[in-house]
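Taking it in order: structure first as structure tokens, then the write-up.
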Amino acid sequence: MPTPGGDLIRAMAAGNRDAFAPFYDTYAPLVLPFVLRIVRDRADAADILQDTFWETWRGAAAYDPSRGTPEAWIITRARRRAIDRLRSVRRRGETFVAPVDEATAGAPPPPGGDAAMRAEDRQLVASALAQLSEAQREVIELAYYSGLTQTEIAERLEQPLGTVKTRIRLALARLREVVTPP
Amino acid sequence: MSHEPFETLAAVYAVGALDGDDLAQFEAHLPTCAVCQAALREAQDALARAMLSMPPQAPPAEAREALVRRVGRARGADRRSWLTWAAATAVVAAAAAGFTGTWVAVRYEARLGQMARETAAVKERLAGHEASLREQMALYRGAVELLRDPATRVVDLRGRGPAAAASGRMIWNDAGGGHLFVAGLPPTPAGRIYALWTIVGGTPRSAGLFGVDATGRGTHRIAPASTGAAAMVFAVTVEPEGGVPAPTGPIVLASK
């Protein structure tokens with residue numbers, strides 16, 4: 001997926017405001033479904049998208065190409081916000097009886113999800129993750145989308161920790177094959 | 001110790017799932033190992049590309065416009081956000097709250113220390129401001145409460161002698177006590193303080209001591225009178241710092 005991401009970030013880092021709109025237009029439509037998949041709430045996802053991209057403008061000077069690609073930079077920032085939001089929603093759900101309006105906003109999706117979520121699941125299947133085995137996709141989802149630790153994943157799947165680690169390693173190796181152009 | 005276990009740790013770190021001793025061990029290892037740094041970069045890139053490979057969804061147009069406008073108004077990219085990239089990669093791996101990235105710390109230790117000091121100083125200043133604001137709020141609220149009572153009287157005090165430009169206002173309630181607000185009083189000389197007196201039946205009673213701030217303003221809260229006798233006349237004099245049982249110094253403010 002060839003993108004001018006690095007050039008745009010460099011331009012933003014130099015204070016070039018005109019670089020922001022093309023940067024946003026390139027990446028925001030790709031980041032939104034990702035964030036939505038994590039938080040499963042449109043309003044939250046929109047907020048997170050807004051915060052993330054505002055911070056990419058402000059933090060453009062901190063981008064160091066030797067540490068990672070532009071795609072990794074953006075995704076990492078978006079994911080951090082989304083997982084934080086997910087965790088705070090979870091914590092509230094565990095410790096409080098949520099008031100009525102809050103209960104619908106941040107609630108975990110009903111089994112099978114609503115129509116929009118099911119459509120997104122289909123989209124996911126069409127993406128790179130579809131190329132992984134069921135078991136590999138599962139660990140990536142639990143770790144990367146749900147923010148579980150290796151220990152929590154092992155408990156959830158009732159698998160030994162070593163198995164979970166190996167599966168993650170294999171999943172990433174497979175993903176690299178899938179996304180790398182031949 | 002062979003390197004192979006670190007390859008697995010790197011993969012789990014890349015998806016943000018490393019925890020416990022594994023996390024500590026890997027973070028200690030990473031700054032020293034170019035192989036792991038490269039592996040991590042590639043893994044994170046592959047993940048990012050995979051995450052970005054879903055069919056795009058257009059964000060709401062107003063959100064886009066608002067952001068573009070905001071960028072247009074902004075001062076420009078913040079060069080001091082060096083922490084953000086470092087924090088983003090480290091926090092992704094540190095599942096628990098708290099910034100434990102040894103790798104980041106090794107590279108940015110000095111800056112981290114400075115930021116921590118600056119933050120601590122700001123926090124302290126803020127805490128001080130907050131405390132004094134709370135005090136003031138409580139004071140004003142008390143005065144407003146008194147004003148609700150129809151039995152409360154407001155008495156004006158006028159400057160006298162050298163403090164002719166000063167003024168004061170006493171919100172007084174026989175049962176609830178009072179609040180004195182003064183303006184235009186100079187700071188007292190060393191060893192001196194302002195003293196308030198209520199004058200009942202011609203006899204001055206001490207009603208406390210107070211000072212003024214740099215702008216010449218002061219407030220003073222008076223507890224309700226224990227005698228129940230109505231106070232109608234008030235005066236402020238300059239007295240020695242410890243206070244005196246009866247006025248000795250010049251009168252600077254007095255009611256009619």
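Each chain gets a letter, A, B and so on, in the order the sequences are listed, and its residues count up from 1. Scope of the values below: all heavy atoms of this structure, side chains included, with no hydrogens, waters or symmetry mates.
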| query | When heavy-atom pairs shorter than 4.5 Å are enumerated against chain B, which of L175(A), T151(A), I153(A) gives the highest number? | reply | T151(A)
Between atom [atom1] of [X] and atom [atom2] of [Y], what is the distance when rounded to the nearest 0.5 Å?
X: D19(B); Y: Q150(A); atom1: CG; atom2: CD; answer: 4.5 Å
X: T76(A); Y: Q44(B); atom1: OG1; atom2: CD; answer: 5.5 Å
X: F20(A); Y: R64(B); atom1: CZ; atom2: CZ; answer: 8.5 Å
X: L52(B); Y: L32(A); atom1: CG; atom2: CG; answer: 11.5 Å

| query | Does the side chain to side chain contact (heavy atoms under 4.5 Å, CB included) test come out yes or no for M51(B) and Y144(A), once each step is laid out? | reply | CA-CA 10 Å; M51(B) 298 307 145; Y144(A) 207 66; 3.5 Å; yes
| message | Closer than 3.5 angstrom, by distance alone: can the side chain of R17(A) be matched with the main-chain N or O of V71(B) as a donor-acceptor pair? | response |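 Such a contact is found between R17(A) side chain and V71(B) backbone.
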| request: Please check if the side chain of R41(B) supplies one atom and the backbone of S66(A) the other of a donor-acceptor pair under 3.5 Å. | output: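 Checked: pair present.
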| query | Is D22(B) salt-bridged to K165(A), cutoff N-O under 4.0 Å? | reply |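 K165(A) and D22(B): salt-bridged.
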| query | When you check the gap from the basic side-chain N to the acidic O, do E4(B) and R169(A) get nearer than 4.0 Å? | reply |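 A salt bridge is present here (some side-chain N lies under 4.0 Å from a carboxylate O).
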Check whether any side-chain heavy atom of [X] sits under 4.5 Å from a side-chain heavy atom of [Y], and report yes or no.
X: P59(B); Y: F53(A); answer: no
X: D45(B); Y: E71(A); answer: yes
X: P29(A); Y: Q57(B); answer: no

Might you confirm whether atom [atom1] of [X] has over 12 heavy atoms from other residues, nucleotides or ligands at distances under 6.0 Å?
X: R156(A); atom1: CZ; answer: no
X: D213(B); atom1: CG; answer: yes
X: R169(B); atom1: CZ; answer: no

| field | chain A contacts, top residue of L47(B), V68(B), T8(B), L67(B) (heavy-atom pairs, under 4.5 Å) | value | L67(B)
| Exercise: identify the closest heavy-atom pair between A43(B) and L172(A) |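 Shortest heavy-atom separation between A43(B) and L172(A) comes out as CB-CD1, 4.1 Å.
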| Heavy-atom pair of closest approach, residues S53(B) and A128(A) |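 Closest approach of S53(B) to A128(A): OG-N, 3.2 Å.
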Indicate every side-chain donor-acceptor pair of residues 6-16 of chain A with a distance under 3.5 Å to a residue at least two apart or in another chain.
from, atom 1, to, atom 2, distance (Å)
D7(A), OD1, R10(A), NH2, 2.7
N16(A), OD1, D18(A), N, 3.0

| note | Under 4.5 Å to a heavy atom of chain A? For A58(B) that would be backbone
| Region of L142(A) in contact with chain B, defined by heavy-atom distances below 4.5 Å |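 For L142(A), neither part sits under 4.5 Å from chain B.
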| request: Check whether F34(A) gets within reach of chain B through its side chain, its backbone, both or neither, counting any heavy atom under 4.5 Å. | output: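 For F34(A), the contact with chain B is made by backbone and side chain together.
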| What's the verdict on side chain to side chain contact (heavy atoms under 4.5 Å, CB included) for R176(A) and R49(B), showing C-alpha distance, side-chain angles and the deciding distance? | CA-CA 9 Å; R176(A) 268 184 58 198; R49(B) 288 180 185 279; over 6 Å; no
